[in-house]
Every structure is written in C-alpha cells, then in structure tokens.
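In what follows, a single structure is set out as structure tokens and then discussed.
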There are 2 protein chains.
Amino acid sequence: MSQEEIEFLEGLQNNTVDVEPGVDFVVEGDDRKMTFILIDGWSIRYTTLRDGRRQILSYALPGDILGLHINFAAQATYSAAAMNALKLAVVDPRRILEINQKFPILASGLSWCTAREFAILGDQAVRLGRLPAKARLAHLLLELWHRLELIGHNDGKWLEMPMTQNDLADTLGLSLVHTNRSLAELRKSGLITVSKSHIKLENIADLVHLAEFNPDHLTEFSI
Amino acid sequence: MSQEEIEFLEGLQNNTVDVEPGVDFVVEGDDRKMTFILIDGWSIRYTTLRDGRRQILSYALPGDILGLHINFAAQATYSAAAMNALKLAVVDPRRILEINQKFPILASGLSWCTAREFAILGDQAVRLGRLPAKARLAHLLLELWHRLELIGHNDGKWLEMPMTQNDLADTLGLSLVHTNRSLAELRKSGLITVSKSHIKLENIADLVHLAEFNPDHLTEFSI
DNA sequence: CGAGGAGTTGAAGCAGGTCAAGCGCTGTGG
DNA sequence: CCACAGCGCTTGACCTGCTTCAACTCCTCG
C-alpha cells in the first residue's frame, strides 16, 4: 500500500460516532446514504415483517464495513442495529467511489470484503434452508468463532456472545423456545458450555461435522 | 459511457460459450477463476450438503454476471448450473480489475450489480428464515417476474419456469412434496395458473401481500 | 421491593417432512 | 411402431421437528 493510500484510509476513520447497544443506526427504507466502518463492537443487519417478526441477515464484527454499495441503492434495503456499544467511522459513500477510482490497492480490499460478505450470506442461506436447528446453531457459532479468530478477537475456545437467545432465534429462523432447547441439547451432548455472555466450543471437530461447516468460505480470500 | 468503454464492454463478450441444460459450469472448490456474463438462458448458484441435499442460493438471468469477485477467493464457494440452454461470455476476472481501474462508468455498473445481488440474496434469506411455504413460493415468483420485467423478458403476467418443482423445492428450503402441495394451494385459491413451463400470476396485488414482497429491493438501484 | 427482560420448561398443535404408490409424458431402442 | 424406462408431477397416509401458549425462575436495575 502506498503512503498516500494509508493516509486516505486513516482519514476515512476520522469521523467516528458512538452508538448505544440496541440502537438502530440504519433503518430500512431510509434514503440518507451513509457508509460505516465498524471500529469496535458488534452489529446486525436485519429486516422486519409486517407482524414484527425479524430476520437477521448477518453480523458485522470489528473491521467490517456496512453500506459499501449504498450509493447504488435509492434506499437502504435492510436495517442495522448495535448489539453492544459500537464505535463507528461514518464515511460519505462518495469516498468509496473515490477509492475505486484512485486507490487500486484499497479498491481491491473493498472487493475482498464484498466477496467474503457474499460467501457469508450464502452460508446463512444454506443454514436457513437446509440445516436442522442444532446444526444451524453450531454453524453460526463456528462462523462467528472463525471470524473473530481472523481479527484476533478470539479468546481460545471461548466465544463472545453479546446477543440474546431471541437474537439467535431471529438469525436462525427459529422460535425462541426451540433455540433455547437446541442450545440445551448442544450443552447436554457436551459440544458447548454456556456462560452468561460467552459460549465455549468444547469440541470443534464434532461441531464442524454436525454443521457441515466449511471454514474455506471465510478464510480462502486474498487480495 | 465513453466510446472506449462501450468498446471494452463489447470486447468482454467476444469469447462466448454454449452450455447444455443441467450442466455444471462452476463447481464448488474449483480454483480455476473465471467470470461469466449470462448472455442468454437461466442459471442457478447452489451448494450441496454431504447427503446430496442441495440449497439453491440465487438465479442468474440474462444480463447477470457470475463470479464478479472471484479474483478475491481462492476457490469457488458455490456451484453454478445451467437451467436451460445458456450462452455465456467467458471473461478473465483480471479484466474486472481493469474495469475498476480504467473505466469508472463501467465500474459503477459493476457496483450496481453487486448492490442488487446483495439485496436479492438478503430477500432469499428472509424467505428461507421467516416466510411459510406458500409465501416463499409467491415471493420467489414475484422476484423472478420483476427481474424479467426489468430486462424486458416479461410476457404479460406469464412467467417463464424453466426449473422443475425439485429445483423450486431446493430454492425454497422445502421438500418436493410440500412444494407441490403449496403450488397446488396457490392454484386452487386462484392466485396463479400453472402450465407446462409457465406460471401465470393471476393476482399480483394479493401475491405481493401474501409474500410481503418489496419490489424496491429490485428496482430502486441506480448508477 | 417490585417490574421487566432473559432464560427455562411443560404441554399441545400443526406445518412441513418422509415414505410410498401411481400417473402421464417423452425419448429411445428392439 | 410399439414397449418400456425414466423423469416430473400428484396424491394419500403417517410422522416429527418446530411453533405456540403459558407458566415460572432468576437476575438486574430503579
């Protein structure tokens, strides 16, 4: 990366904002276009149905970008909310265009993000469409665990869990009650240990097998 | 668009290939990186589980691009197959990088494609996670109908259906039997009419209501 | 000390899955 | 030119994974 590119990238992160847990910072249908770089904390992208039911589409972890392509949409097609306390860099999406035109290395970085996000969302579709409840859970836990590993936020086999079981249910397309029971079964079969705000993955090989998890979908990306 | 850009875009489509119905032209795990522009025909992106069950992630229709970001993945994270007879333009993915560096208007077009593909895949996740069977079906039919409309492939309320009910089931995360029954129920309630290879959407307003379909997710994109 | 959010558990019902059989078309080879 | 194999579709019967409803516990915070 050139000196100029490094400076530009750092400049993007000048305008930061703190967001309280639970706050929606993007609302579906909103036409104020804004791109966010997640500096710290977890957030979700989700949509809401008429009766209030919710489908969480994906999790954004530190380093992830939200609204990378928002310039090409008239409105946001999803909402975004803070899972815990967030620090966001707020970026004018026109600067993303500028990156694509002027800074080839940074532009490649953005394409890398895009490719990975597609793979993650594809995995989410497989979970929702074809895995039974326990496998869905295991699959999501493994996804988050690997992603945290890649950004150095991983504390051994302990996985940070800032979300509630209700959030989990809305991610996995399950009811709260069944999510709770599936979690209990994974616990009883010794695959995980649950504490207040963390889950320990006791046997990663068995979880991978149960979930048919393919870590390549997260790791096999390069610039 | 500049003359140069138009010529470059046309040049991309010089190397075309015909693919027979049913043939896989991308296989998950393959590391031969190739980008395809769908000139004619329908294709699917899908993944396969251990026991052979399949989840179709998305449909590609004429004008769509497959593997736009493949340069940043070590291997394909999905397979792709022809639904009917395809004509594909085969593009070296390095030319995509070239577009991003040299042709800003074309590059914007690619970002537009990307943004739209994200919205479509997000809708697929909502279908799979939170809609009951009939609504899933209605939602998919409306998606395809609107997308065909946008590329001028729409014959009134008749929707081309090159896929089998098995393909539909694997798209919607349902069993073949239940897909068949849901289709029959939509037929009996007068919402659709089914012929050999087409479906007529008899009452689009009611289908939209049933599926909680939001056409903005397809149409509200601009460059 | 009381209210409200998060988690847990039981009981009952149902949407959707599985198994199985049969129909009708189409293509192919004797 | 007919026979039969195979695929796509349909329907019936039964089963189960998940949902829903409801109640209760625990914890936190005011």
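All chains are named by letter (A, B, ...) in the order of the sequence lines, taking the proteins before the strands, and each is independently numbered beginning at 1. What you see is a predicted model, and the numbers here were worked out from it, not measured in a lab.
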Next item on the list: Determine to 10° how strongly the helix from C:dC1-D:dG30 to C:dG30-D:dC1 is bent, judged from the axes of its five-pair ends.
Entry: 30°
Next item on the list: Show your working on side chain to side chain contact (heavy atoms under 4.5 Å, CB included) between B:Ile204 and B:Phe213 and close with a plain yes or no.
Entry: CA-CA 10 Å; B:Ile204 291 179; B:Phe213 184 76; over 6 Å; no
Item checked: Distance-minimising heavy-atom pair for A:Lys33 and A:Ala73 -> CE-O, 3.1 Å
Check: Is a side-chain donor or acceptor of B:Gln165 paired with a backbone partner of B:Thr179 at a separation under 3.5 angstrom?
Finding: no
Next item on the list: Send over the distance from A:Asp170 CG to C:dA6 C1', rounded to a whole Å.
Entry: 14 Å
Margin query: Measure CE/A:Met163 against P/C:dG7 and give the value in whole Å, please.
Written below: 11 Å
Next item on the list: Output yes when at least one side-chain N/O atom of B:Lys188 is less than 4.0 Å from OP1 or OP2 of D:dT10, else no.
Entry: no
Margin query: So which atom in B:Arg187 and which in B:Val194 form the shortest heavy-atom distance, rounded to 0.1 Å?
Written below: NE-CG2, 3.9 Å
Item checked: pair B:Ser43-B:Leu66: side-chain heavy atoms closer than 4.5 Å -> yes
Notebook entry, point to check: Under 3.5 Å, is there a donor-acceptor pair between the side chain of B:Arg32 and the main chain of B:Gln75?
Noted result: no
Notebook entry, point to check: In whole angstrom, what separates A:Lys196's NZ from C:dG5's P?
Noted result: 18 Å
Next item on the list: Take atom CG of A:Asn180 and atom P of D:dT25, then tell me their distance rounded to the nearest Å.
Entry: 16 Å
Just the atom pairs and distances: protein N or O near nucleotides 13-18 of chain C's N or O, under 3.5 Å.
{"unit_1": "C:dG16", "atom_1": "OP1", "unit_2": "B:Ala133", "atom_2": "N", "d": "3.1"}
{"unit_1": "C:dG16", "atom_1": "OP2", "unit_2": "B:His178", "atom_2": "NE2", "d": "3.4"}
{"unit_1": "C:dG17", "atom_1": "OP1", "unit_2": "B:Ser175", "atom_2": "N", "d": "3.2"}
{"unit_1": "C:dG17", "atom_1": "OP2", "unit_2": "B:Ser175", "atom_2": "N", "d": "3.0"}
{"unit_1": "C:dG17", "atom_1": "OP2", "unit_2": "B:Ser175", "atom_2": "OG", "d": "2.9"}

Notebook entry, point to check: Does A:Val126 reach the side chain of A:Glu212, with side-chain heavy atoms less than 4.5 Å apart?
Noted result: no
Margin query: Rounding to an integer number of Å, can you tell me how far B:Leu183 CG sits from D:dG8 P?
Written below: 15 Å
Notebook entry, point to check: Under 3.5 Å, side chain of B:Asn154 to main-chain N/O of B:Trp145, donor-acceptor pair present?
Noted result: yes
Margin query: Check this one for me: any side-chain N or O of B:Gln165 less than 4.0 Å away from OP1 or OP2 of D:dC7?
Written below: no
